[in-house]
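Written out below as C-alpha cells is the structure these notes cover.
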2 protein chains.
Amino acid sequence: MADDINSPVPGVTPKAAYHHGDLRAQLVAAVRDLVETYGPDGFSVSEAARRAGVSSAAPYKHFRDRHEILRGVVSEAMDRLFAGMEAAAAAYPVGSLEAMAAVGQAYVDFAKGEPGVFRLVFGLTEGHENAPDLLAKGESCFGVVVQAVAACLDLPLGDRDVQRRAYMLWSFVHGHSFLHIDMKTRVTTAEIDDWDYLMTISRAILARPARP
Amino acid sequence: MADDINSPVPGVTPKAAYHHGDLRAQLVAAVRDLVETYGPDGFSVSEAARRAGVSSAAPYKHFRDRHEILRGVVSEAMDRLFAGMEAAAAAYPVGSLEAMAAVGQAYVDFAKGEPGVFRLVFGLTEGHENAPDLLAKGESCFGVVVQAVAACLDLPLGDRDVQRRAYMLWSFVHGHSFLHIDMKTRVTTAEIDDWDYLMTISRAILARPARP
DNA sequence: GCGCGAATGTCAGCAATCCTCACATTTCAC
DNA sequence: GTGAAATGTGAGGATTGCTGACATTCGCGC
C-alpha cells in the first residue's frame with residue numbers, strides 16, 4: 001500500500017522519489033482534495049497534474065488511467081477508515097455494546113468528515129470490482145464489525161449468526177451514512193443523534209427476535 | 001407511454017412532439033439505458049443524441065445541460081420506485097409485518113433490477129440538492145415506509161417513534177441495497193435471502209428495546 | 001389559405017479532457 | 001563511467017460539453 005516515503009534510503013522505496021520528489025503520492029493527495037471539493041466526477045487528471053506542478057502527461061507515468069488514480073485514493077481512504085474503526089473499538093471494553101456502537105460511529109464519522117471520498121469509496125463506478133486489494137480492505141473493515149459483534153454475543157468469529165448480525169449493523173450504518181451525506185430526508189436525519197441512534201441499533205441487532 | 005414527463009422548465013411540458021416526435025422522452029430513455037449499461041459516469045449527451053438519431057446539439061433545446069437530463073432520468077425512476085413500494089405495501093394486510101418487509105423488498109428489488117439508475121438516484125453528484133421536486137419524491141417514498149411502520153405500531157404517522165423506526169428501516173434497506181450492488185462483501189451478501197432478511201429486520205425494528 | 005413567431009433541429013466551432021507518442025533528462029545498478 | 005530504466009515534457013488526435021448562427025417546421029391568428 002503506502003510507499004509514500006520520500007526518503008533517500010535505497011532499497012526500501014525504489015520508486016516515488018526521482019525527479020519531482022514524490023509525484024505519485026502528491027497526485028493522490030491532489031485527487032483526494034478535488035474529489036472532496038467537487039465530487040467524484042468533478043475531478044480531472046489535468047487539474048490534479050496542474051496542482052502538482054507537472055505536465056498533464058506526467059500522471060500517466062504512474063497510473064495507467066484516471067481510474068487507477070481514483071483507486072489509489074480509495075485505497076488510502078480505506079486504510080484510514082479501517083484504522084478509525086479499530087481505534088474506536090479499542091476505546092471501549094471488549095464485548096461491550098459501546099464498542100459495537102463505536103465501530104459504527106467511526107464509520108459514520110468518516111462519511112460525514114469526507115463525504116466526497118466516502119462516496120467514491122463505496123459508490124464505485126468501474127474497474128474497482130477487479131481490484132482484489134480493495135476487496136480485501138473492505139473485508140478487513142467488515143472484520144472489525146464482526147469482531148465487535150462476536151465479542152458481544154460471546155460467539156466465535158465464523159459463527160453464521162455473528163456474520164449475519166454484523167452484516168445487519170453494517171447495512172444500517174452504511175445506509176445511514178449515505179442518507180445523511182446525500183441529504184435525503186434532511187429533516188429526519190438532521191435531528192438524529194448518531195450515538196443514541198447507534199446504541200439503539202446495536203441493541204436491536206443483538207436482541208434475539210422470535211424466529212418463526 | 002405518453003408520460004407527462006415532469007418538466008422543471010415551465011411552459012415546455014405539453015409539447016415535446018414537434019419535429020422529431022418525442023425527443024425529450026426519447027433522450028431520457030436513452031440516457032437511462034446508458035446509465036444502466038455503463039454506469040452513471042459512462043454517459044454522454046453526444047451518445048444519447050446519437051441513439052435518438054439527432055445531432056449532438058439537439059438535446060440542448062430540451063435540457064439546459066447534462067445534469068438536467070440526468071435529473072429527468074432520476075425523476076422518472078423515482079416515480080417507478082414509489083409506485084413499486086406502494087404496490088408492495090398494498091399486497092399485504094395493512095399493519096402486517098409482511099407489508100413492512102414488502103416495502104423494503106420493493107426497494108431492494110429496484111436496486112437490484114437497475115443498479116445503475118439506483119446509484120444515480122441516490123448517489124447524486126451535483127445540482128440535485130436544489131431540486132425540490134426530487135426532494136419531494138424522496139419524501140413520498142419515505143412516506144410509504146412511515147405508513148407501513150405506523151400501521152404496524154398502530155400509531156399516528158407523525159409520531160416521533162414511528163418516524164424514527166421508519167428511518168431505521170430505510171437506512172437498513174438502503175445500506176443493504178448499496179452493499180449488494182457494489183458487491184462489497186460479496187460472500188456475505190450473496191448468501192442472504194432478502195425476504196427472510198427483511199422480515200428479521202422488520203421484527204427487530206418493531207421490537208421495543210429496553211431504553212437505558 | 002397565409003404569414004409570423006416560436007419551437008425545434010443542424011452545422012461549425014471553441015475549450016477542455018483523456019490518453020498516446022516521440023523525445024529529453026535524471027537516477028540506479030554495475 | 002555507461003547503459004537501461006524511470007521519470008519528465010510537449011505536441012497532438014479523439015471525444016465531449018456547450019454555444020453561437022442559421023435553417024426548418026409547427027401552431028395560430030387573420
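Here the structure is a predicted model, which means the values were calculated and not measured. In what follows, chains carry the letters A, B, and so on, assigned in the order in which the sequence lines appear, proteins first and then strands, with residues in each chain numbered from 1.
Proximity of A/Ser46 to the phosphate of C/dA16: no side-chain N or O atom is located under 4.0 Å from OP1 or OP2. Contact between the side-chain N/O atoms of B/His62 and the OP1/OP2 oxygens of C/dG9 is found at a separation under 4.0 Å. Residue B/Arg24 has no polar side-chain atom (N or O) positioned under 4.0 Å from OP1 or OP2 of C/dA7. Checking the phosphate oxygens (OP1, OP2) of C/dT17, a side-chain nitrogen or oxygen of A/Ser44 falls inside 4.0 Å.
Judged by distance alone, the side chains of A/His176 and A/Tyr197 never bring a donor and an acceptor atom under 3.5 Å apart.
Ring-centre distance between B/Tyr107 and B/Phe172: not below the 6.0 Å cut-off.
Each of A/Val45 and B/Ala58 lies near DNA chain C, and the nucleotide nearest B/Ala58 is the one positioned closer to the 5' end.
Atom CZ in A/Arg66 sits roughly 13 Å away from atom C1' in C/dA16 (whole-Å rounding). Across the protein-nucleic acid pair, B/Asp22 atom CG and C/dT8 atom C1' stand 13 Å apart, rounded to whole Å. Note: CG (B/Leu23) to C1' (D/dT25) measures 15 Å, nearest angstrom. Here the P atom of nucleotide D/dT9 and the CZ atom of A/Arg50 are 13 Å apart, to the nearest Å. Here the P atom of nucleotide C/dT20 and the CD atom of A/Glu68 are 12 Å apart, to the nearest Å. Computed from coordinates, the A/Lys61 NZ to D/dG10 P distance equals 14 Å when rounded to whole Å. A/Gln26 places its CD atom 14 Å from the C1' atom of D/dG8, with the value rounded to the nearest Å. Straight-line distance from the CZ atom of B/Phe63 to the C1' atom of C/dA7: 15 Å, rounded to whole Å.
With hydrogens and angles disregarded, no donor-acceptor distance shorter than 3.5 Å links the side chain of A/Arg165 to the backbone of A/Ser202.
Among the nucleotides C/dC19, C/dT10, D/dG17, the one closest to the side chain of B/Tyr60 is D/dG17.
By the 30° and 60° cut-offs, the orientation of the rings of A/Tyr167 relative to A/Phe142 is perpendicular.
Remark: of the listed residues A/Leu120, A/Val73, A/Val74, A/Leu120 is the sole one forming a side-chain contact (heavy atoms from CB on, under 4.5 Å) with A/Val35.
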